[in-house]
Amino acid sequence: MDTIIKRLSEIEDATAKIMENVNLQKKEYAKQIEAKTAQFDNELQEKTNIQLTELRDKLTTEMDQKLAAQKQEAQKALETMEDNYKKYHTLYVKQLMSSLIQV
């Protein structure tokens with residue numbers, strides 16, 4: 001009977017050691033998963049920041065180009081109006097005076 005109790009005690013001790021080892025392995029695995037998750041999050045954040053910077057730069061460049069084109073178009077329109085005024089301002093004044101006199 002003592003041998004059975006002794007054997008059961010040995011089995012219980014071995015089981016306790018196995019469970020303790022399993023718990024240690026679980027903790028180590030959890031640390032590894034946590035480290036891999038943190039690394040993934042950091043890499044994803046870095047890639048996202050790079051893509052956002054590239055997109056922001058691209059949009060800024062496009063916006064600057066469109067703004068420059070609009071400025072150039074506005075300048076051409078202004079020059080056209082000024083040239084038109086210089087060429088025809090006397091005619092415009094005559095037509096205006098004529099229409100005022102007729103009324």
Should Val93 and Leu100 be regarded as members of a common hydrophobic cluster, given that ILVMFWY residues are connected when their side-chain heavy atoms come within less than 4.5 Å of each other, either directly or indirectly? yes
Side chain of Ser9, backbone of Ile5: donor and acceptor closer than 3.5 Å? no
Report the distance from atom [atom1] of [X] to atom [atom2] of [Y], rounding to the nearest 0.5 Å.
X	Y	atom1	atom2	result
Asp57	Glu54	CG	CD	8.0 Å
Thr80	Gln75	OG1	CD	10.0 Å
Thr60	Leu67	OG1	CG	12.0 Å
Leu91	Asn84	CG	CG	10.0 Å
Ile33	Tyr29	CD1	OH	3.5 Å
Glu12	Met19	CD	CE	12.5 Å

Are the side chains of Thr53 and Arg56 in touch, meaning some heavy atoms are under 4.5 Å apart? yes
Quick one: does Lys17's side chain get under 4.5 Å of Asn21's, heavy atoms only? no
Between Gln45 and Asp41: side-chain donor-acceptor atoms closer than 3.5 Å: no
Does a salt bridge link Arg7 with Glu10, judged by any charged N lying under 4.0 Å from a carboxylate O? yes
Is it the case that atom CD in Gln32 sees more than 12 heavy atoms from other parts of the structure closer than 6.0 Å? yes
Intermediate values then yes/no, side chain to side chain donor-acceptor pair (under 3.5 Å), Asn42 and Glu46: CA-CA 6 Å; Asn42 290 336; Glu46 185 177 331; over 6 Å; no
Report the C-alpha separation of Lys94 and Ser98 in whole Å, then their side-chain angles, then the decisive distance to 0.1 Å, and conclude whether the side-chain contact (heavy atoms from CB on, under 4.5 Å) test is met. CA-CA 6 Å; Lys94 285 180 184 180; Ser98 174; over 6 Å; no
Residue pairs, two or more places apart or on separate chains, that pass ring-ring contact (aromatic ring centres under 6.0 Å, His included) and touch residues 67-88: Tyr85-His89
Walk me through it: do Leu78 and Met81 pass the test side-chain contact (heavy atoms from CB on, under 4.5 Å)? CA-CA 5 Å; Leu78 184 60; Met81 288 191 294; 4.3 Å; yes
